[in-house]
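What follows is a short report on a single structure.
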Amino acid sequence: MNRLNEYMLPPAKSTMAGEVDALYYFVNVTSVIILAGITIAIIYFAWKYRRRTDDDVTPVITHNSKLEITWSVIPLILVLILFGWSFSTYTTLTTAPDDAYEVRVVAKSWLWEFHYDNGSVSVNELHVPVNKPIKLVMSSDDVIHSFYVPDYRVKMDVLPNRYTSVWFEVLETGESIVFCTEYCGTQHSNMDAKVIVHTQEDFEEWLETGDEVDEDMPPAERGEALVSRQGCAACHSADGTRLVGPSFAGLWMSERTMEDGEVITADANYIRESILEPNAKITEGYDPVMPSYQGTISDRQIDDIIEYIKTLE
Ligand code: CUA
């Protein structure tokens with residue numbers, strides 16, 4: 001069973017994964033048995049009742065109560081088992097234990113933001129402690145997204161104007177991938193994140209220091225790290241390649257034409273505004289699709305990103 005599991009499914013890293021997998025195998029094994037039975041019956045009857053002489057006459061059969069009850073009751077029992085089992089699993093999946101640690105999840109096209117109880121925010125990296133129920137309270141700033149962690153067998157739609165919730169408890173420290181599983185625009189396939197599972201002590205330490213900047217690092221290097229950590233690099237290249245948004249290469253102090261024809265200079269104020277209010281000015285030829293980073297990154301972090309952009313001449 002374990003070998004089969006390894007071959008068919010991603011590693012089962014949450015307390016719930018075993019139950020979900022058992023249900024999955026029940027559905028599949030039952031289906032395969034029924035399929036095999038029906039296929040064998042079709043072949044057997046096709047052979048048994050083949051036409052042998054020209055005056056073969058089909059007997060008139062109006063009904064067979066025993067047979068009809070059997071083929072109605074067996075599927076009914078199977079469907080009822082499936083319903084009861086799925087319903088109980090679904091209830092477990094959607095009802096978080098009272099002692100769960102809560103994380104707010106905000107989905108934006110195209111990144112994931114995680115807000116923790118002490119005010120820390122992380123982008124595209126969900127940090128959680130091991131062996132502790134984690135409850136995610138999720139909403140979207142724009143379109144419908146879906147939060148999916150294959151390793152945990154956890155998936156839930158993330159909607160605008162409404163909260164949805166999901167919970168899990170991870171059995172081992174390590175990393176797992178989060179996918180967006182609701183088509184949400186051009187960068188949908190790149191809208192992934194990581195769950196990083198720490199020991200309780202490491203997690204608390206991360207909560208305390210996760211946001212702190214490394215004072216010894218040159219600002220431009222901190223900015224570069226931020227650009228990758230905050231998900232900017234998914235849409236803005238550093239080498240001039242055109243992605244969803246304008247490249248950072250050669251951006252600093254360049255003359256740029258906006259959608260409304262206005263020509264501006266890409267100075268620090270312009271970059272700051274573009275991070276906090278991305279739709280205030282749209283570069284000609286691009287779509288107004290960037291989410292706001294208001295409340296996500298600090299002024300200090302914006303400084304570092306500007307320093308980094310300056311180096312990309
Ligand atoms: Cu977000 Cu697909």
| Going through the checks in order, is the side-chain hydrogen bond (donor to acceptor under 3.5 Å, both in side chains) test met by N118 and S120? | CA-CA 6 Å; N118 71 338; S120 289; 3.1 Å; yes

| message | For a 4.5 angstrom cut-off between non-hydrogen side-chain atoms, does L312 reach W252? | response |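 Side-chain contact under 4.5 Å: no.
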
| With side chains defined as the heavy atoms from C-beta onward, is the minimum distance between M156 and V154 less than 4.5 Å? |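 No, side chains not in contact.
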
| task | Check whether the side chains of R256 and S254 place a donor and an acceptor atom closer than 3.5 Å, and report yes or no. | result |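 Per modelled atom types, R256 and S254 side chains form a pair under 3.5 Å.
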
| Are E262 and T257 linked by a side-chain donor-acceptor pair shorter than 3.5 Å? |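 Distance-only check fails for E262 and T257.
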
| message | Test side chain to side chain contact (heavy atoms under 4.5 Å, CB included) on L93 and E19; report intermediate values, then the result. | response | CA-CA 10 Å; L93 275 169; E19 202 177 325; over 6 Å; no

| query | Once the angle between the rings of F87 and F83 is folded into 0 to 90°, is it parallel (under 30°), tilted (30 to 60°) or perpendicular (over 60°)? | reply |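 Parallel.
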
| said: Is it true that, when you exclude I177 itself, more than 12 heavy atoms of the residues, nucleotides or ligands shown sit nearer than 6.0 Å to its CD1? | reply: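 For I177, atom CD1 is not crowded (no more than 12 foreign heavy atoms under 6.0 Å).
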
| task | Mark yes or no: R153 above the aromatic ring of F168, with NZ or CZ under 6.0 Å from the six-membered ring centre and no more than 45 degrees from the axis. | result |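 No.
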
| message | With a 4.0 Å cut-off on N to O distance, would you call R272 and D299 a salt bridge? | response |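 Looking at D299 together with R272, the answer is yes, because their closest N to O distance falls below 4.0 Å.
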
| task | Please confirm whether the backbone N or O of H115 pairs with a side-chain atom of R104, one donor and one acceptor, at under 3.5 Å? | result |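 No, R104 side chain to H115 backbone: no donor-acceptor pair under 3.5 Å.
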
| Audit row: E125, F114, side chain to side chain contact (heavy atoms under 4.5 Å, CB included) steps and yes/no | CA-CA 7 Å; E125 272 183 10; F114 303 100; 5.6 Å; no

